[in-house]
Participant: 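For reference, the structure I am asking about is given below.
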Amino acid sequence: MAERSTAAVDVADNSDEASLTAQADQSTADGVAKNRERDTDSDEVQESTRTDGSGKTSPPELHSGHKLARRYRLEECVTRLDGFSSWRAVDEKLRRAVGVHILPADHSRARSVLAAARSSALLGDPRFVQVLDAVEENDLVYVVHEWLPDATELTTLLASGPLEPYDAYQMVSQVSSAMAAAHREGLAHLRLNPNAVLRASTGQWRIRGLAVNAALRGAASDTPQRTDTEAIGALLYAALTQRWPYENDAYGLSGLPKDIGLIAPDQVRAGVHRGLSELSMRALVNDGATASRHESPCTTPEELVKAIGEMPRIRPPEPAFTAPPEYQRTSYQQGTYGRQAPHPGATQPVVTPPPPLQSRTGQALKWAVSALLIAALGLGSWQLADALMDQGGKNEDPGQTQTNDGNDGNDKSPKKPASGKPITISGARDFDPFSDQTEKPSDIGKAYDNSTATYWQTDFYLSADFGRLKPGVGIILDLGKTQQVGKVTVTFVGDTSVELRSASADAGSEPTSFDAYTKVAEGTGTTVELKPGKSLKSRYLLVWLTDLPIQADDGKWRGRVADIKVTS
């Protein structure tokens, strides 16, 4: 397991040890403090899966600067309770911040923590905070995991108010999909709460503590799928209302009023999205009885994913553009630059223009210009007359005729092939049918704005094949009407593999299924010309990215489309 830490992590930089420590300290100020391993019992009065299996061994006596395996230098203790401690540390080998859980090897839960960490590491799903190492050494058991300085806990996000419908939809969709994948591999979370759900700067939602947090606290459940599903319902409820769906306060959120029971989110706060409100109630299955007013309950993450798929897609809000300031003429544009401003009420003297050239030199200059003009006119007239006479001489022979027929076999002049005419792209949208249905929609206009200085980019992934999460993502182009398509030229940032797919020519509206688009061309490179093998008429085209380049700025894989041009 020690060598696993080189996978699914950021590429190490080449900074020295002093800058490394400064970077780790800055991580705390810039966001890690928001992502501390806060998982205290005071925050979780409503956990239904808590057991009383605490070990009686005291936490290891460690301090800042202590090194584990001569590699992980402990920096700051963020949790110390229940026989274990959690730390922010620095991996000196790969020069990056990491998190570490430490407990004595004779702790009653040490075996189960090791087993849970190793099982979680084998999952390798980038939607979860990755376990990098799980080791027993020198009477200690420690688990090393990713540390995300650019991520923010859901607890922190909700401190300023409920989420927008689109953000809440993305959160419940991504978390449900991730937990469904984990349960298919036999892994449960059992402590899924607002402290365990993080939003990265890219907008991707990630879950930390899969299996490990429950093992550290000795949590267990006879119905793990139902436990995690109800927890997802509580997360969505809190995201919509900024209230915890139980009577007790938790995670910085106020609970519901006592003695009124569980009420729907749209009855707690005005303006809540009705579909999301129903979804949260279907997930909160209290002892098997649904609290929803209409639909059947969802008792597994898989059922929750299916219910989300049946909902109408919630689109992101339109980006708000700031109106430019009202145009104002400057003093330079008004012709007063460098002049003294007139005093109000004062009569300004009228500047008399200079007289025309009246001197002897001026008169000589005028005569010279006149002579040159007369000479130019005479030369032009002579050349025109000569050309007309030559043309008349050529046409005197009545037996000769002129032809412009291009079929003359004796014509040796080469013909220029007809070049395609540009086709205007009337609209475009992101297309992500195999995941959460969205991929940076706010920047889609940058993909066809006739400028390679701007670009639309995908989310980041941990490998060129989209982290093995999906076969690809793309952009659907709307040409306004069915037209003859001769070529599509796509300019990328970095070598990218791409396919050109086309909807049927008689498609009345934009197809939303991937199978409705047929592959007509493919290629790889930074500027790829996609020419269909046969005549193609269509209104809707799909530029489908199948393999991503690694970006040197952060060492992650993402596609960047700088420009798209369509010609007939």
Side-chain angles (χ1 to χ4, degrees), residues 127 166 169-170 173-174 177 202-204 305 308-319 423-449 454-461 464-483 485 488-494 496-505 507-524 528 530 532 536 538-549 557-566:
R127 292 172 292 188
Y166 175 75
Y169 172 79
Q170 288 297 315
S173 176
Q174 295 181 35
S177 178
T202 61
Q204 181 184 11
V305 170
I308 294 171
E310 294 171 351
M311 288 178 54
R313 181 182 176 188
I314 301 177
R315 293 190 174 275
E318 293 294 332
I423 297 177
T424 302
I425 301 173
S426 64
R429 77 169 181 87
D430 58 306
F431 190 58
D432 185 18
F434 298 105
S435 184
D436 58 2
Q437 308 298 317
T438 183
E439 196 89 2
K440 295 289 190 297
S442 60
D443 292 335
I444 202 68
K446 298 177 181 178
Y448 60 101
D449 59 357
T454 59
Y455 52 78
W456 167 84
Q457 72 176 8
T458 68
D459 291 329
F460 76 83
Y461 299 90
D465 56 352
F466 298 87
R468 295 178 294 175
L469 298 176
K470 50 192 172 185
V473 297
I475 299 174
I476 294 177
L477 307 177
D478 183 0
L479 305 183
K481 61 181 180 180
T482 301
Q483 304 190 53
V485 178
V488 177
T489 304
V490 187
T491 303
F492 297 100
V493 178
T496 306
S497 296
V498 62
E499 296 177 355
L500 176 63
R501 292 177 170 266
S502 168
S504 173
S509 59
E510 177 191 309
T512 58
S513 168
F514 180 76
D515 296 332
Y517 295 88
T518 305
K519 184 169 73 172
V520 296
E522 62 182 340
T524 301
V528 185
L530 300 169
L536 172 64
S538 180
R539 173 177 176 177
Y540 300 100
L541 302 176
L542 172 59
V543 177
W544 184 248
L545 280 61
T546 59
D547 202 49
L548 304 176
W557 281 263
R558 55 167 63 85
R560 290 174 174 172
V561 179
D563 194 37
I564 302 175
K565 295 186 184 298
V566 183

Participant: Salt bridge between R127 and D459, side-chain N to carboxylate O under 4.0 Å?
Facilitator: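 A salt bridge is absent here (no side-chain N lies under 4.0 Å from a carboxylate O).
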Participant: Testing the basics here: between F466 and L545, what is the closest heavy-atom pair and its distance to 0.1 Å?
Facilitator: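 Minimum heavy-atom separation between F466 and L545: CZ-O, 3.4 Å.
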Participant: Output yes when a side-chain donor or acceptor of Y517 lies under 3.5 Å from a complementary backbone atom of P511, and no otherwise.
Facilitator: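 Side chain of Y517 to backbone of P511: a pair is present.
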Participant: Only counting residues at least two apart or in another chain, list the ones meeting side-chain contact (heavy atoms from CB on, under 4.5 Å) with S497.
Facilitator: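 Applying side-chain contact (heavy atoms from CB on, under 4.5 Å) to S497 gives T524, T546, D547.
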Participant: Could you list the residues that satisfy side-chain hydrogen bond (donor to acceptor under 3.5 Å, both in side chains) with R429, not counting sequence neighbours?
Facilitator: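 R429: side-chain hydrogen bond (donor to acceptor under 3.5 Å, both in side chains) contacts with E510.
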Participant: Donor-acceptor pair, distance only, cut-off 3.5 Å: does the side chain of K440 make one with the backbone of T202?
Facilitator: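 Yes, because the side chain of K440 sits within donor-acceptor range (under 3.5 Å) of the backbone of T202.
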Participant: Going by side-chain contact (heavy atoms from CB on, under 4.5 Å), name the residues that satisfy it together with P317, two or more places apart in sequence or in a different chain.
Facilitator: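 P317 satisfies side-chain contact (heavy atoms from CB on, under 4.5 Å) with Y166 once adjacent residues are dropped.
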Participant: Looking at V488, V528, V561, which hits side-chain contact (heavy atoms from CB on, under 4.5 Å) with V498?
Facilitator: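 In the set V488, V528, V561, the residue that makes a side-chain contact (heavy atoms from CB on, under 4.5 Å) with V498 is V528.
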Participant: Does Q174 have any side-chain hydrogen bond (donor to acceptor under 3.5 Å, both in side chains) partners at least two apart in sequence or in another chain, and if so, which?
Facilitator: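 Q170, D436.
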Participant: F431 vs V543, test: side chain to side chain contact (heavy atoms under 4.5 Å, CB included). Steps then yes/no.
Facilitator: CA-CA 9 Å; F431 190 58; V543 177; over 6 Å; no
Participant: State which residues pass side-chain hydrogen bond (donor to acceptor under 3.5 Å, both in side chains) with E499; sequence neighbours excluded, sorted by chain then number.
Facilitator: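 Checked E499 against side-chain hydrogen bond (donor to acceptor under 3.5 Å, both in side chains); matches are R501.
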Participant: What residues, two or more places apart in sequence or in another chain, satisfy side-chain hydrogen bond (donor to acceptor under 3.5 Å, both in side chains) together with S538?
Facilitator: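 Scan of S538 (side-chain hydrogen bond (donor to acceptor under 3.5 Å, both in side chains), adjacent residues dropped) gives S502.
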Participant: Can you give me every donor-acceptor pair (side chain of residues 470-480, partner residue at least two apart or in another chain, under 3.5 Å) with its distance?
Facilitator:
unit_1 : atom_1 : unit_2 : atom_2 : d
K470   : NZ     : D432   : OD1    : 3.2
K470   : NZ     : D432   : OD2    : 3.1
K470   : NZ     : E439   : OE1    : 3.4
K470   : NZ     : Y461   : OH     : 2.7
D478   : OD1    : G480   : N      : 2.9
D478   : OD1    : R539   : NE     : 2.8
D478   : OD2    : R539   : NH2    : 3.3

Participant: Measure from the side-chain N and O atoms of T496 to the backbone N and O of G494, and report whether any donor-acceptor pair falls under 3.5 Å.
Facilitator: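 The answer is yes, because a donor-acceptor pair under 3.5 Å joins these two groups.
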Participant: Are the side chain of T482 and the backbone N or O of A505 linked by a donor-acceptor pair below 3.5 Å?
Facilitator: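 Yes; judged by distance alone, with no hydrogens or angles, the pair exists.
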Participant: OH of Y169 to CD1 of I308: how many Å apart, nearest 0.5 Å?
Facilitator: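 Atom-to-atom, Y169:OH and I308:CD1 are 7.0 Å apart.
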Participant: Check side-chain contact (heavy atoms from CB on, under 4.5 Å) between Q457 and all other residues, then give those that pass, not counting sequence neighbours.
Facilitator: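 In terms of side-chain contact (heavy atoms from CB on, under 4.5 Å), with neighbours along the sequence ignored, Q457 is linked to Y455, R558, R560.
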Participant: Suppose we screen for ring pair (Phe, Tyr, Trp, His ring centres under 6.0 Å). Which residues come up paired with W544, at least two apart in sequence or across chains?
Facilitator: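 Partners of W544 by the ring pair (Phe, Tyr, Trp, His ring centres under 6.0 Å) criterion, ordered by chain and then number, come out as F514.
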Participant: Once rounded to the nearest 0.5 Å, what's the spacing between atom OG1 of T424 and atom NZ of K565?
Facilitator: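 One gets 10.5 Å once the value is rounded to the nearest 0.5 Å.
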Participant: Let me confirm one number: the CH2-OG1 distance from W557 to T458, rounded to the nearest 0.5 Å.
Facilitator: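 The distance works out to 12.5 Å.
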Participant: On a heavy-atom basis, which atom in P441 and which in D430 lie closest, and how many Å separate them?
Facilitator: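 Here P441 and D430 meet closest at CB-OD1, 3.3 Å.
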Participant: Could you report the tightest heavy-atom contact between I564 and Y448, atom names first, then the distance?
Facilitator: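 Heavy atoms only, the tightest pair is O-CB, 4.0 Å.
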Participant: Who passes side-chain contact (heavy atoms from CB on, under 4.5 Å) against T454, sequence neighbours left out?
Facilitator: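 side-chain contact (heavy atoms from CB on, under 4.5 Å) list for T454, sorted by chain: K446, D449, S451.
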Participant: Does R315 have any salt bridge (Lys or Arg N to Asp or Glu O under 4.0 Å) partners at least two apart in sequence or in another chain, and if so, which?
Facilitator: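 If we apply the salt bridge (Lys or Arg N to Asp or Glu O under 4.0 Å) test to R315, skipping adjacent residues, there are no hits.
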Participant: Distance check, rounded to the nearest 0.5 Å: D563 atom CG versus F492 atom CZ?
Facilitator: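 Nearest 0.5 Å value for the CG-CZ distance: 11.0 Å.
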